[in-house]
Protein chains: 2
Amino acid sequence: MATIEEVARAAGVSTATVSRALRQQPGVSERTRQRVRTVAEELNYSISRSASGLATGRTRRIGVLVPYVSRWFFGQVLAGAEEVLRSAGYDLMLYVVGDQEGRERFFRELPLRRSVDAVLVLTLSLRAEEAGRLRELGVPLGFVGGRMDGFNSVWIDDHGGGLLAVRHLLNQGHTDIAMIHGGTPDALNLPAPHERCTAFRDAMAEHDVPVRESWLCAGDFSVSGGRRAMTRILADELRPTAVFAMSDEMAFGAMHALRNHKLHVPREMAIVGFDGHEMSECSGLSTVVQPVRREGGTAAKLLLEQLEQGSAETRDVVLPTELVVRSSTTGDDSM
Amino acid sequence: MATIEEVARAAGVSTATVSRALRQQPGVSERTRQRVRTVAEELNYSISRSASGLATGRTRRIGVLVPYVSRWFFGQVLAGAEEVLRSAGYDLMLYVVGDQEGRERFFRELPLRRSVDAVLVLTLSLRAEEAGRLRELGVPLGFVGGRMDGFNSVWIDDHGGGLLAVRHLLNQGHTDIAMIHGGTPDALNLPAPHERCTAFRDAMAEHDVPVRESWLCAGDFSVSGGRRAMTRILADELRPTAVFAMSDEMAFGAMHALRNHKLHVPREMAIVGFDGHEMSECSGLSTVVQPVRREGGTAAKLLLEQLEQGSAETRDVVLPTELVVRSSTTGDDSM
DNA sequence: GGTCTGAACGCAAACGCTTGCGTTCGCATC
DNA sequence: GATGCGAACGCAAGCGTTTGCGTTCAGACC
C-alpha cells in the first residue's frame with residue numbers, strides 16, 4: 001500500500017506538496033495538483049489515518065454511545081446520526097453500553113480516549129461520575145434525550161407528548177385510564193419516561209379524574225413486558241376502559257394481551273402508544289409520533305458544527321411530536 | 001493529556017520500558033512494572049491509538065458493514081458482533097451502506113482503508129467489483145450470510161429452514177399455499193431469500209402440490225410490504241388457505257391485512273414466518289427461528305481468530321434453525 | 001540589470017508510540 | 001578474580017503525516 005513518500009517520488013515533488021495538493025490547501029499550482037492527484041490515483045494511494053491523526057491531533061472519527069442497538073428506537077436514532085456523520089466524511093465508532101457490566105467497563109477504560117474527535121450520547125442518561133469521565137475527554141459532546149452544561153442536546157417534548165396522548169383519551173370520554181410505564185428504577189435512567197408519567201398525572205388532574213395506582217404497571221419497554229403489564233392490569237378487580245402505553249412496543253404487547261382476553265379494541269379497551277413505531281400504522285395503534293431519525297441526525301449536525309466551527313454557544317433543540325389517531329382509540333371498527 | 005514520555009520521566013524509566021510494562025511484555029521487573037502502572041494511573045495516561053497504530057501497523061479496530069441498522073434483523077446481528085468485538089477489546093467502526101448512493105460511495109472511497117485490522121460484512125452480498133475492492137484492503141474479512149474464498153463465513157440453512165416452514169403447512173393438510181417473498185430484484189442481492197423461495201417450490205413438489213404463480217407476491221421485507229402483498233393475494237380469484245412469509249415482519253403485515261379482511265387466523269388462513277422476531281411470540285406467529293445474534297457473534301469470533309492466530313484455514317459455519325409452532329398455524333383458537 | 005514580491009515548493013522537525021539491538025550489572029561458575 | 005550469562009533496561013530509528021519556515025524563481029518595477 002503506497003505511502004505519501006512514494007507518491008511524492010513518482011510525481012517528482014516533496015511529500016509536503018503531495019499533502020497540500022491532496023487536501024486542497026493553497027500553495028500548490030493547479031498543474032502540480034492535478035499531477036499529484038493522478039499519480040496518487042494510479043498508485044492507489046490512501047492516507048494513513050494513524051499518521052495523519054498523529055500529526056494533526058484529529059481523527060475524523062466520532063464516538064457514538066448507545067444503550068442498545070437491537071431495539072427499534074435506538075436503531076432509528078443511530079441510523080439518523082450515522083447518515084449525517086457519514087455524509088460529512090466522519091467515521092463512526094459504535095459503543096453499545098446497555099448492560100451494566102459493559103457500561104461500567106466502558107466508563108472505566110474509556111476506550112475512545114484519544115481516538116475520537118467528539119462523542120454523541122444517544123438516549124443515555126449519565127450519572128455524575130460518568131458525565132465527569134466524558135468531560136475529561138476534552139472533546140465536544142452531543143446528546144439526544146439527555147443534556148450536559150456546555151454541550152448541545154436534542155429533545156422531544158415528552159411532557160407535551162404525554163399530554164397529547166392522555167388528553168386524547170380523556171376527550172374520548174374515558175375516565176378509567178391505566179398506564180404502562182417503563183419501570184422503576186429505569187435501567188437507562190432517562191428523564192423522558194419520567195416526563196411522560198408526570199404528563200399522565202397532570203392530564204388526569206386537569207380533568208379532575210383520579211388515578212388508580214393499581215392500574216399503573218411497568219412494562220420494561222419491551223413487547224413482552226407490555227403484555228405482562230396489561231395482563232396484570234386486567235387482573236385488577238376494576239377494569240379500566242383505556243390505557244396509555246409509554247412506548248409503542250409495550251402497546252403492541254398490551255394489544256396482544258387484550259386479544260388473548262377477547263377484549264375488543266377500542267370498544268372495550270382503547271389504547272394509545274408513544275413513539276411512532278413503524279408497525280404502529282398497520283396495527284392501527286394511535287400513538288404520539290416522534291421524529292426518531294431526525295433526533296439522531298440533528299444531534300450529529302449540532303455536534304459537527306461545534307466541532308468544526310468551535311462555536312461556544314450551545315443549544316437545546318426540541319423537536320415536535322404529533323398525535324396520530326388510529327383505530328385503537330376511535331370507534332372505527334376496522335380492528 | 002499525558003504522553004508516554006511524561007509517564008517515563010515521572011517513573012524514572014525510559015519510554016521503552018513504559019511501553020513494555022503497560023503491555024505486559026517481558027523484559028520488565030515486577031517492581032518497575034508496578035511503579036509504571038501506578039504512575040500511569042496517577043497521570044491518567046492513555047495511549048494514543050494513532051501513534052500506536054502508526055508504529056505497529058495495527059489499529060485494534062474492526063470495520064463492520066451492514067445494509068441497515070434500523071431493522072430488527074440487522075440490529076440483532078450487529079449487536080451479536082458488537083458484543084464479541086467489545087469484549088475482545090476491539091473498537092467497532094460502523095458503516096451503513098443500505099442506500100445505493102451510500103453503498104457506491106463507500107466502495108469508491110473505501111473510508112476504512114488503512115484504518116481497520118479486519119472487516120465484518122453482515123448480510124450483504126457483494127458484487128464482483130465490490131468484493132475485489134474489499135480484497136484489496138489486504139485484511140481479513142468475515143461474512144454473515146455471504147461468502148468469499150479464503151475467508152470465514154456464517155450461515156443458516158435457509159433452504160432447510162424454508163422446507164421446515166412449508167412442510168409444516170403441507171403436513172397440516174394445506175395445499176393452497178401462497179408465498180410472500182422479498183421481491184425481485186432483491187436490493188440486498190442476498191442468496192438467503194432465493195434459497196427460501198427454492199425451498200418453497202421444492203417442498204411443494206415433494207408433495208405434488210402445484211404452485212400458483214399469482215399467489216407469489218413481493219413484500220419488500222417490510223411490514224407494510226407484507227400487508228400489501230397479502231392484500232394482493234387476497235385479490236386473486238382463488239384464495240389460498242395458508243401463506244408462507246419469508247420474514248416475520250412481512251408476516252406481521254400480512255396478519256394485519258387478514259384482520260382487516262376479517263379472516264380468521266389460522267382457521268381461514270394459516271401463516272408461518274421466518275426469523276424468530278421478538279414480536280412473533282406474542283403475535284402467536286409460527287416461525288422458523290434463526291439464532292440472529294449468534295450469527296453476528298460467531299462471525300466476529302471467527303474473524304478475531306483469523307486475525308490473531310493468522311490461521312489460513314477458513315470455515316463455513318452453518319447455524320441451526322428451528323420451527324416454532326404457534327397459534328397462527330394450529331387449530332388453537334387463542335388468536 | 002538590480003531589486004522587490006509573491007507564488008510554488010522543499011526541508012525538516014514534530015506527533016507519540018514500538019522494537020531491534022546494544023549496554024549495564026548482579027550473580028553464578030570455574 | 002576473570003569470565004560468562006541472562007535479566008533489566010535504554011537508545012534511537014523508524015512508522016506516515018502535517019506544517020512552519022526557508023528557499024527558489026519568474027515576472028514586475030524602477
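Because only heavy atoms are used, hydrogens play no part in the values below, and waters and symmetry mates are left out as well, while side chains stay in. Just so it is clear, the structure is predicted and the values come from calculations on it, not from any experiment.
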- Task: Please answer whether the main-chain N or O of B:Ile156 pairs with a side-chain N or O of B:Gln290 as donor and acceptor at a distance below 3.5 Å.
- Result: no
- Query: NA contact type, A:Val13, heavy-atom cut-off 4.0 Å: base, sugar-phosphate, or nothing?
  - Reply: sugar-phosphate
- Message: Whole angstroms only, please: what is the CG-P distance between B:Leu54 and C:dC17?
- Response: 12 Å
- Message: With a 3.5 Å distance limit and no angle check, can you tell me whether B:Arg133 reaches the backbone of B:Phe107 through a side-chain donor-acceptor pair?
- Response: yes
- Note on the structure: Hits for side-chain contact (heavy atoms from CB on, under 4.5 Å) against B:Thr17, two or more places apart or cross-chain, chain-then-number order -> B:Val13, B:Ser14, B:Val28, B:Thr32
- Between C:dT18, D:dG10, D:dT17, which nucleotide gets closest to the side-chain atoms of B:Thr15? C:dT18
- Query: Has A:Thr3 got a side-chain N or O lying under 4.0 Å from the OP1 or OP2 atom of D:dG16?
  - Reply: no
- Task: May I have the distance from A:Arg60 (atom CZ) to D:dT17 (atom C1'), rounded to whole angstrom?
- Result: 15 Å
- To the nearest Å, give me how far apart CG (B:Leu22) and C1' (C:dT18) are. 13 Å
- Item | Atom-pair distance (CD on A:Glu5; C1' on D:dC15), nearest Å | 12 Å
- Query: In residues 23-45 of chain A, which residues come under 4.0 Å of DNA chain C by heavy atom?
  - Reply: A:Gly27, A:Val28, A:Ser29, A:Thr32
- Could you state the CZ-P distance from A:Arg113 to C:dG16, rounded to the nearest angstrom? 15 Å
- Query: Does A:Ser14 have a side-chain nitrogen or oxygen under 4.0 Å from the phosphate oxygens OP1 or OP2 of C:dG10?
  - Reply: yes
- Query: How many Å lie between CE on B:Met1 and P on C:dC15, as a whole number?
  - Reply: 16 Å
- Residue pair A:Glu295 / A:Val144: nearest heavy atoms and the distance that separates them: O-CG2, 3.5 Å
- Check: A:Met93 main-chain N/O paired with A:Arg61 side-chain donor or acceptor under 3.5 Å: no
- Message: Side chain of B:Ile47, heavy atoms from C-beta onward: which of C:dT18, D:dG10, D:dT17 has the nearest atom to it?
- Response: C:dT18
- Message: Strictly below 4.0 Å: does B:Ser19 bring a side-chain N or O up to OP1 or OP2 of C:dT18?
- Response: yes
- Query: For D:dC9, does OP1 or OP2 lie under 4.0 Å from any side-chain N or O of B:Thr17?
  - Reply: no
- Query: Is the side chain of A:Arg33 donor-acceptor paired with the backbone N or O of A:Gln25 at a distance under 3.5 Å, no angle test?
  - Reply: yes
- Query: Can we say A:Arg108 and A:Glu104 salt-bridge, meaning some charged N sits less than 4.0 Å from an Asp/Glu carboxylate O?
  - Reply: no
Using nucleotides 20-27 of chain C, report all nitrogen or oxygen pairs with the protein that are shorter than 3.5 Å.
none

- Message: Side chains of A:Thr314 and A:Asn152: any donor to acceptor distance under 3.5 Å?
- Response: no
- Task: Return yes if some donor-acceptor pair links the side-chain N/O of B:Ser52 with the main-chain N/O of B:Ser48 below 3.5 Å, else return no.
- Result: no
- Which whole-number value in Å describes the distance from B:Glu6 CD to C:dC15 C1'? 13 Å
- Item | Rounded interatomic separation in angstrom, taking CZ from A:Arg49 and C1' from D:dT18 | 15 Å
- Verdict with reasoning, A:Arg86 to A:Glu83, per salt bridge (Lys or Arg N to Asp or Glu O under 4.0 Å): CA-CA 5 Å; A:Arg86 173 160 43 90; A:Glu83 199 177 340; 5.6 Å; no
